**Q** 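Have a look at the structure that comes next, please.
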Amino acid sequence: KQEVTQIPAALSVPEGENLVLNCSFTDSAIYNLQWFRQDPGKGLTSLLLIQSSQREQTSGRLNASLDKSSGRSTLYIAASQPGDSATYLCAGDSGGGADGLTFGKGTHLIIQP
Amino acid sequence: AAGVIQSPRHLIKEKRETATLKCYPIPRHDTVYWYQQGPGQDPQFLISFYEKMQSDKGSIPDRFSAQQFSDYHSELNMSSLELGDSALYFCASSSLLGPGGEQYFGPGTRLTVT
C-alpha cells in the first residue's frame with residue numbers, strides 16, 4: 001500500500017524567497033504524481049501532474065520533479081508571494097486505470113509579506 | 001472551462017439518517033472518484049468508477065454505496081450516518097482515454113452530522 005510523507009509539515013518564509021517542499025513515497029511503482037493546493041475549507045486545485053515516464057513539470061513559478069528510484073518528489077516555488085500561502089498536498093497512484101490517489105498530510109505554507 | 005460540479009455544497013443530517021451526494025464530471029471525462037476529508041486530515045480515497053463500472057475501492061464503509069450513471073454523473077449514498085461521517089466529500093474526474101489521467105477535483109460537499 002502506497003504511503004506518502006510530506007516534509008516539512010509547516011513552513012513560514014518571507015515574501016520573495018525560493019522554497020522547496022518535499023514528498024516521499026514508499027512504492028516506486030507510482031504512476032502519476034500530482035501536486036495540489038488547498039486553501040482553508042476549500043477544494044483541491046491541481047498544480048502539476050508528473051506522469052510515470054516524466055521527471056519534471058513546470059508551470060509559471062512552480063517546478064515539480066519526480067525521482068521514482070529514490071521515492072521522492074519536490075515542488076519548487078520561485079519568488080514566493082503572500083498569495084502562495086496555502087496547504088500543499090502531493091498525491092500518487094499506482095496506475096492500472098482509475099486508481100485512487102494516496103495523499104500526504106500536506107505542508108502548510110505561510111508567506112510573510 | 002467547465003469544472004466538476006458537486007451538489008449540494010452543504011448538507012446537515014442527523015445521526016442514522018441517509019444522505020445522497022451528487023457529482024457531475026467534466027464533459028467527456030469517463031472516470032469519477034470519491035474522496036473523504038475529515039477535519040484537519042488529508043483526503044482519503046473511497047471509490048472510483050470507469051465507464052459506469054466500479055474500478056478501484058478504497059476505505060469506503062459498508063454503509064456507503066456509489067454508482068455512475070449512463071450520463072457519467074455519479075452519486076454517493078450514505079446510510080445510517082454517524083457523527084464521524086462529518087467531513088468534506090470531494091468528487092474528482094479524469095479522462096483515461098486522454099493523456100495523463102490527471103484528476104480534477106470539485107469544490108466538495110460539506111456534510112455535517114448532528
Side-chain angles (χ1 to χ4, degrees), chain A residues 1-7 9-10 21 23-25 27 29-54 56-57 59 62 64 66 73 86-108, chain B residues 1 3-6 9-10 23 25-26 29-60 66 68 72 74 87-110:
Chain A
K1 182 180 183 294
Q2 184 73 266
E3 292 184 12
V4 180
T5 303
Q6 290 188 247
I7 295 173
L21 307 182
C23 171
S24 62
F25 44 90
D27 186 355
I30 195 166
Y31 192 72
N32 283 339
L33 192 291
Q34 273 186 262
W35 282 91
F36 295 89
R37 169 190 172 133
Q38 186 172 34
D39 293 286
K42 303 295 185 182
L44 296 160
T45 301
S46 180
L47 299 173
L48 289 165
L49 165 71
I50 309 177
Q51 295 173 259
S52 179
S53 59
Q54 300 172 330
E56 68 174 324
Q57 284 288 328
S59 176
L62 305 179
L66 174 63
S73 177
T87 296
Y88 290 80
L89 295 149
C90 74
D93 67 40
S94 299
D99 277 17
L101 292 169
T102 299
F103 282 81
K105 296 193 179 302
T107 293
H108 181 55
Chain B
V4 177
I5 297 172
Q6 292 188 245
R9 295 292 308 278
H10 302 272
C23 169
I26 292 172
H29 278 194
D30 48 28
T31 307
V32 168
Y33 312 77
W34 286 97
Y35 293 84
Q36 176 192 59
Q37 186 176 29
Q41 303 295 314
D42 53 291
Q44 296 292 315
F45 170 67
L46 296 178
I47 195 167
S48 65
F49 293 85
Y50 168 65
E51 284 290 346
K52 293 150 281 185
M53 298 287 289
Q54 181 182 312
S55 182
D56 192 15
K57 195 171 183 180
S59 53
I60 185 169
Q68 185 180 31
Y72 294 98
S74 178
L88 199 51
Y89 290 83
F90 290 109
C91 171
S93 74
S94 70
S95 171
L96 293 190
L97 293 181
E102 183 172 4
Q103 294 188 27
Y104 295 87
F105 280 68
T109 293
R110 184 171 297 282

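Below, chains carry the letters A, B, ... as their sequence lines are ordered, and counting in each starts from 1. These numbers were taken from a predicted model, which means no experiment stands behind them. Only this structure's heavy atoms are used, side chains among them; waters, hydrogens and symmetry mates stay out.
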**Q** Quick check against the 3.5 Å criterion: does A/Gln34 have a side-chain atom that pairs as donor or acceptor with the backbone of B/Gln103?
**A** yes
**Q** Kindly check if the number of other-residue, nucleotide or ligand heavy atoms within 6.0 Å of OH (B/Tyr104) is above 12?
**A** no
**Q** For B/Ser94, which atoms come within 4.5 Å of any heavy atom of chain A: side chain, backbone, both, or neither?
**A** neither
**Q** Under 4.5 Å heavy-atom distance to chain A, tell me which part of B/Pro43 shows up: side chain, backbone, both or neither.
**A** both
**Q** Could you tell me which of A/Ser53, A/Gly100, A/Ala91 has the largest number of non-hydrogen atom pairs under 4.5 Å with chain B?
**A** A/Gly100
**Q** Would you call A/Phe103 and B/Gln37 a side-chain contact if the rule is heavy atoms closer than 4.5 Å?
**A** no
**Q** Should the pair B/Phe105 and A/Phe36 be assigned to parallel (<30°), tilted (30 to 60°) or perpendicular (>60°) ring geometry?
**A** perpendicular
**Q** For chain A, which of B/Phe49, B/Trp34, B/Tyr35 has the most heavy-atom pairs under 4.5 Å?
**A** B/Tyr35
**Q** Who wins among A/Leu101, A/Ile50, A/Thr87 for the most heavy-atom pairs under 4.5 Å with chain B?
**A** A/Leu101
**Q** Salt bridge (Lys or Arg N to Asp or Glu O under 4.0 Å) with B/Lys52: which residues, sequence neighbours excluded?
**A** none
**Q** Examine whether an atom of A/Gln54 lies under 4.5 Å from a heavy atom of chain B, and if so say whether it belongs to the side chain, the backbone or both; otherwise answer neither.
**A** neither
**Q** Heavy-atom distances under 4.5 Å only: say whether A/Lys42 touches chain B with side chain, backbone, both or neither.
**A** backbone
**Q** Which residues pass the salt bridge (Lys or Arg N to Asp or Glu O under 4.0 Å) test with A/Asp39, not counting sequence neighbours?
**A** A/Arg37
